[in-house]
Amino acid sequence: MNRFSKPVVISTFGVILVMILASIDPLNWSDYLLHQAGTLLFLMMMLGAYRHWHISSKSYVFAALFLLIHIIGARYLYSYVPYDDWTQQLFNIELSTLFGWQRNMYDRLVHFSYGLLLFSAMFESLRYILKIQSLKQLIALTLMLNMSTSMLYELIEWGIATTLSPEAAEAYNGQQGDVWDAHKDMALALLGGIIGALVYHVSLTRHL
């Protein structure tokens, strides 16, 4: 795969454009830059996976969609994404009121999206690297990769937070007072991965 397909090029420029727009007067520059450093690293990893591990254009676009969701969250430090204001303006309803939420749930969406939207990229990368043909084994390994990378992210986030003041750590982590925040985030990433696995399995078996 010597050239990047049109969907990959468009989605890559889309991510860069949204990142630039999100960088206009974010809530907190230091926390925002910490999040977006991860965005750039992840984007480079996905470009490398597409070029060298031969993941499909569709999988790359799904990964880019995850990055867009993440970038929006990073701009508002996750805890302050004004989705209630947006839905109030568009549909005259507030999601928090509709579902009885007591906290900002945008970070939950990001972790769920991580599992759901990155499943196919993880699956195809492992298939190329490990040369395994068994569909069941690859799905199991992909879900293991989902869980292990989710845990690693939470550990890295915790490590960074220990170097910050209590106020800055709370803003960066986005726990919003929930002591089980990390556990719920990892569980949602796994749930998204399981749904992604089911969809991917059905899609593959239909073409056999």
Side-chain angles (χ1 to χ4, degrees), residues 7-8 11 14-15 18 35-36 38-39 41-43 45-46 49-50 53 55-79 81 83 86-87 95-96 98-130 132 135-158 173-176 178-206:
V8 169
S11 57
V15 168
V18 172
H35 284 297
Q36 295 302 47
T39 302
L41 178 61
F42 188 85
L43 182 61
M45 288 176 57
M46 290 308 304
Y50 178 82
W53 295 344
I55 68 170
S56 64
S57 296
K58 182 184 294 186
S59 294
Y60 184 93
V61 171
F62 284 152
L65 178 57
F66 164 74
L67 279 181
L68 293 177
I69 296 171
H70 160 72
I71 290 169
I72 294 171
R75 172 177 170 76
Y76 294 101
L77 303 182
Y78 286 97
S79 301
V81 177
Y83 54 75
W86 299 338
T87 56
L95 291 180
S96 295
L98 182 63
F99 294 105
W101 293 336
Q102 301 299 314
R103 70 188 298 278
N104 192 296
M105 291 292 188
Y106 193 85
D107 63 324
R108 304 284 195 241
L109 170 65
V110 176
H111 287 279
F112 176 78
S113 299
Y114 175 81
L116 179 66
L117 297 176
L118 293 183
F119 178 86
S120 59
M122 290 181 179
F123 180 95
E124 292 168 2
S125 296
L126 288 174
R127 182 173 59 189
Y128 180 82
I129 295 169
L130 301 178
I132 295 176
L135 180 59
K136 292 181 179 179
Q137 288 182 6
L138 279 171
I139 288 177
L141 288 170
T142 303
L143 292 177
M144 291 179 191
L145 181 61
N146 169 304
M147 289 186 285
S148 60
T149 52
S150 295
M151 181 189 69
L152 181 62
Y153 174 81
E154 296 295 339
L155 290 174
I156 292 172
E157 192 175 56
W158 168 68
N173 278 342
Q175 289 183 203
Q176 302 178 64
D178 186 354
V179 296
W180 303 109
D181 179 68
H183 305 74
K184 293 175 182 177
D185 289 345
M186 290 186 289
L188 281 169
L190 178 58
L191 175 61
I194 291 171
I195 295 173
L198 292 173
V199 173
Y200 200 78
H201 183 273
V202 170
S203 176
L204 283 180
T205 52
R206 279 184 176 178

Checklist entry - Does a side-chain heavy-atom distance below 4.5 Å link L98 with T87? => result no
Item to check | Donor-acceptor contact below 3.5 Å, side chain N146 vs main chain A189 | outcome: yes
Next on the checklist: Minimum heavy-atom separation for S125 and I55, please, with both atom names.
Outcome noted: OG-CG2, 3.3 Å
Item to check | Partner residues of M105 under the side chain to side chain contact (heavy atoms under 4.5 Å, CB included) criterion, sequence neighbours left out | outcome: Y83, W101, R103, R108
Checklist entry - Of all heavy-atom pairs between D107 and N104, which one has the smallest distance, and what is that distance? => result OD1-O, 3.4 Å
Next on the checklist: Can you list everything that forms a side chain to side chain contact (heavy atoms under 4.5 Å, CB included) with I129? Sequence neighbours excluded, please.
Outcome noted: W53
Checklist entry - Would you say the side chain of V15 lies within less than 4.5 Å of the side chain of I71, judging by non-hydrogen atoms? => result yes
Checklist entry - Can you check whether I132 reaches L126 side chain to side chain, under 4.5 Å on heavy atoms? => result no
Checklist entry - Minimum heavy-atom separation for S113 to I69, with atom names? => result OG-CD1, 3.6 Å
Next on the checklist: Filter on side chain to side chain donor-acceptor pair (under 3.5 Å), then keep only pairs touching residues 58-75, sequence neighbours left out; what's left?
Outcome noted: T12-Y60, T39-H70, S56-S59, S59-S120, S59-E124, H70-Y78
Item to check | Pairing residues for M151 by the side chain to side chain contact (heavy atoms under 4.5 Å, CB included) criterion, not counting sequence neighbours | outcome: L155, M186
Checklist entry - Out of curiosity, S11 OG to Y50 OH, how far, rounded to the nearest 0.5 Å? => result 9.5 Å
Checklist entry - Would a 4.5 Å heavy-atom cut-off, applied to side chains only, mark L116 and V199 as touching? => result no
Next on the checklist: I'd like to check T149 versus M122 (side-chain heavy atoms, cut-off strictly below 4.5 Å). Are they in contact?
Outcome noted: yes
Next on the checklist: Just to verify, what does A187 make a side chain to side chain contact (heavy atoms under 4.5 Å, CB included) with, not counting sequence neighbours?
Outcome noted: none
Item to check | CZ-CD1 distance between R127 and I139, expressed to the nearest 0.5 angstrom | outcome: 11.0 Å
Item to check | L190 side, atom CG; M144 side, atom CE - distance, nearest 0.5 Å | outcome: 11.5 Å
Item to check | Set of residues satisfying ring-ring contact (aromatic ring centres under 6.0 Å, His included) with respect to F66, sequence neighbours excluded | outcome: F42, Y114
Item to check | Residues that H201 engages under ring-ring contact (aromatic ring centres under 6.0 Å, His included), provided they are two or more places apart | outcome: none
Checklist entry - Tell me, do I156 and L152 make a side-chain contact under 4.5 Å, heavy atoms counted? => result yes
Item to check | Least distance between heavy atoms, G14 atom then L68 atom | outcome: O-CD2, 4.0 Å
Next on the checklist: Y200: which residues meet the ring-ring contact (aromatic ring centres under 6.0 Å, His included) condition with it, sequence neighbours left out?
Outcome noted: F119, F123
